[in-house]
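Mind having a look at this structure? Questions to follow.
Side chains included, hydrogens not; waters and symmetry mates left out as well; all remaining heavy atoms used. Naming convention: chains lettered A, B, ... in sequence-line order (proteins, then strands); numbering from 1 in each chain.
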There are 2 protein chains.
Amino acid sequence: MVKPSGQPEPDARTRILDAADAVFVRHGIDGARMQEIANQAGVNKALLHYYFRSKADLARAVWLRIASSFAPGVLQLLASDIPLEDKIDRVVEAYYGTLTKHPYLLVYVISEATRHPKLVEEIYTPERKLAARGMIATLRRQLEEKARVDNTAAISAEQFLVTLLGSCLFPFVARPMLTTVLGLGPDEFSKFIDKRKRDLPLFLKRALRQ
Amino acid sequence: MVKPSGQPEPDARTRILDAADAVFVRHGIDGARMQEIANQAGVNKALLHYYFRSKADLARAVWLRIASSFAPGVLQLLASDIPLEDKIDRVVEAYYGTLTKHPYLLVYVISEATRHPKLVEEIYTPERKLAARGMIATLRRQLEEKARVDNTAAISAEQFLVTLLGSCLFPFVARPMLTTVLGLGPDEFSKFIDKRKRDLPLFLKRALRQ
DNA sequence: GTCTATATGGCGATAGAC
DNA sequence: GTCTATCGCCATATAGAC
């Protein structure tokens, strides 16, 4: 996922992992071919088995790399003590960068997580479990505080989280459907996303105040 | 997807299509095995090829059936002239029924649509294209009317649509991640969805007024 | 139409030279 | 560590009897 920035060719193992990343994300684990990964890495198929015993092991390695780099940033952001309304901006901002560049990434994570739920638990370490609880607690505190000040009923932290994530992530999940239904070309989709980056925080904040 | 309701066994072709539906939705096209479909349909593997030439053709037939039955209802709902705020309730209501019963359906549609965008165009007939345009136009009109009355800036119809759909559909898209992060068991997830069915319309309506 | 048996090809995986 | 060559399986697909 993260491309090498320096000049020297990365070693074979790294090239394989990068290639596997690209191919698995593009085609899903079942749809990926070891041959294609080998080609893209510029090595022989046998070398994949030398470094990673089997396709399943390679897929697992890729999954760990991707899934680990996916959530923590946003989780930490949401768990922090910055004001609730700022969080909205920051979450929107944080996701839209990488997801624009990697159109298949989110669908890969979702489909593999859905079809092999064990993969999710594998990256859900005790520390992360704790962090997630803390994040929810912080969110709840902020929402209750807001409700107290505005003298309204507090919104459920879990519900708010899902609405926030859903609103942010859905365009990248349903991209082909949306571009077709809305009649958008590739660059029009970009414009749509740009506009959304500005509009969505306003919309959500409006729902929050009173 | 639609299970037979009457007593008599459906004919083999139908049974195959139903079985293929279940297996493709569960495992994705690449992950599905013809043998499993045959077993589930109670027929021999060869019969699948008798009715549908190849796996690809069978997958295509299933896709057409599912995708066709998926959008039209909601599309029609959104295009109708019922008040905007009522639409929110109805959309939420409409999706949550089937998606609760078919946990893999949405992820299947999304992943296949993403990896094979041609499949999307195949179900996007001229009539549906027209209907989609009309739906957006109606939505825009309603949002502008609302803005005029409230004396505020109108929200983009496209953006509103995506927010509405995203908020509704995301829990079913990200279910395994959410249950893990929020620490929900299967029946707690149901409760979460029930609560969401009540809360989400309120939240969205609040963002709309003023 | 539905079955049994078989062909065909592709893919993951291994052996072994260098 | 990296390659070439090859194995063995398994999934799709077909032939042909009933």
Checklist line | Range on DNA chain C touched by chain B - first to last nucleotide, heavy-atom distance under 4.0 Å | finding: C:dG1 to C:dT4
Item checked: Interatomic distance where CG belongs to B:Leu47 and C1' belongs to D:dT14 [whole Å] -> 14 Å
Check: Are the side chains of A:Phe203 and A:Arg196 in touch, meaning some heavy atoms are under 4.5 Å apart?
Finding: no
Next item on the list: Residues of residues 24-36 of chain B with any non-hydrogen atom less than 4.0 angstrom from an atom of DNA chain C: list those, numerically ordered, please.
Entry: none
Item checked: side chain to side chain contact (heavy atoms under 4.5 Å, CB included) involving B:Ala174 - partner list, sequence neighbours excluded -> B:Phe170, B:Met177, B:Leu178
Checklist line | Qualifying side-chain hydrogen bond (donor to acceptor under 3.5 Å, both in side chains) pairs, either residue in residues 37-52 of chain B, two or more places apart | finding: B:Gln35-B:Asn39
Check: Is any side-chain heavy atom of B:Leu84 closer than 4.5 Å to a side-chain heavy atom of B:Phe160?
Finding: yes
Notebook entry, point to check: Whole-Å distance between D:dT14 C1' and B:Lys55 NZ?
Noted result: 18 Å
Note to self: Strictly by side-chain hydrogen bond (donor to acceptor under 3.5 Å, both in side chains), give each pair with a member in residues 179-190 of chain A just once, sequence neighbours left out.
What the structure shows: none
Margin query: Is it the case that over 12 heavy atoms from other parts of the model lie below 6.0 angstrom from the CZ atom of A:Arg90?
Written below: no
Next item on the list: Mind jotting down which residue pairs meet the side-chain hydrogen bond (donor to acceptor under 3.5 Å, both in side chains) criterion with at least one end in residues 119-135 of chain B? Sequence neighbours excluded, please.
Entry: B:Arg60-B:Glu122
List, one per line, each side-chain donor-acceptor pair under 3.5 Å for residues 73-83 of chain A, sequence neighbours excluded.
residue	atom	partner	partner atom	Å
A:Ser80	OG	A:Leu77	O	2.7
A:Asp81	OD1	A:Arg141	NH2	3.3

Notebook entry, point to check: Does B:Tyr96 have any ring-ring contact (aromatic ring centres under 6.0 Å, His included) partners at least two apart in sequence or in another chain, and if so, which?
Noted result: B:Phe172
Notebook entry, point to check: Rounded to the nearest 0.5 Å, how far does CG of A:Leu106 lie from CZ of A:Arg175?
Noted result: 12.0 Å
Notebook entry, point to check: Which residues satisfy the salt bridge (charged side-chain N to carboxylate O under 4.0 Å, His left out) test with A:Lys191, sequence neighbours excluded?
Noted result: none
Margin query: Listing request: all salt bridge (Lys or Arg N to Asp or Glu O under 4.0 Å) pairs with a residue in residues 154-168 of chain A, at least two apart in sequence or in separate chains.
Written below: A:Arg140-A:Glu158
Notebook entry, point to check: Under a 3.5 Å cut-off on both pairing distances, which runs of 3 or more consecutive Watson-Crick or G-U pairs involve DNA chain C?
Noted result: C:1-18 with D:1-18
Margin query: Contact list please: residues 37-46 of chain A against DNA chain D, heavy atoms, distance less than 4.0 Å, in numerical order.
Written below: A:Val43, A:Asn44, A:Ala46
Next item on the list: Could you check A:Ile88 against A:Leu208 for side chain to side chain contact (heavy atoms under 4.5 Å, CB included), going step by step and ending with a plain yes or no?
Entry: CA-CA 11 Å; A:Ile88 296 175; A:Leu208 276 185; 4.1 Å; yes
